[in-house]
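Note that the structure is a prediction, hence the values are computed from the model and not measured. Whatever order the structure lists them in is the order used to number ligands and atoms, beginning at 1. Values reported hereafter were calculated over all heavy atoms of this structure, with side chains retained and with hydrogens, waters and symmetry mates removed.
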Amino acid sequence: MQMQSVVHSAGVREMDRRETNQKWYYSFDEKRMVIILKEEPEEGEVNEVPAKYEVCGTCNGKGSHVNPSIDSNGLSAEDFAEDRDFEEMYFSGGFDVSCNECKGNKVVPEVNWDSLTQEEKDHVTQIIDDHYAYQMEMAWERKMGW
Ligand SMILES: [Zn+2]
């Protein structure tokens, strides 16, 4: 988790995690506990790195979160003051949906950074940065209504 905040571009933290595609890798092989980085790696490129399970950072291990369509633009005290039923529903989990990132598993595969060489770390970091830069661009375009 700590590693993520280092490698992700600053603007990503301002985006709603629930609406951001967190899957920066190609696939995860649970049997072998490896993350497969790209669908089509360059020749000779490292394309598998060891993985470990981490508590999901989107739902903090709850497996669910409030539907982002309800509050991703922020809610104010007035929103609740005007509608007590809404408030009760909101705080009792009535608007909760299965977590967008872990799909209710409460944990997600994370790169086991400690076991990587520096070269591998740089390679993976680059892939993650590219993914989030692209996500930010997409979010920005959506915001602009393109
Ligand atoms: Zn989750």
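- Under the 4.5 angstrom side-chain criterion for Ile, Leu, Val, Met, Phe, Trp and Tyr, the cluster partners of M138 are Y134.
- Only protein atoms were considered; those of element N, O or S under 2.8 Å from the Zn ion (ligand 1) number 4.
- Counting heavy-atom neighbours within 6.0 Å of E40 CD, excluding the residue itself, gives a total of 12 or less.
- Remark: E45 CD is packed, more than 12 non-hydrogen atoms of other residues, nucleotides or ligands lying under 6.0 Å away.
- Counted within 6.0 Å of CD on E88, heavy atoms from surrounding residues, nucleotides or ligands total 12 or fewer; the atom is thus considered open.
- By the 30° and 60° cut-offs, the orientation of the rings of Y90 relative to F80 is tilted.
- At distances below 3.5 Å, not a single donor-acceptor pair connects side-chain atoms of D29 with backbone N or O atoms of V34.
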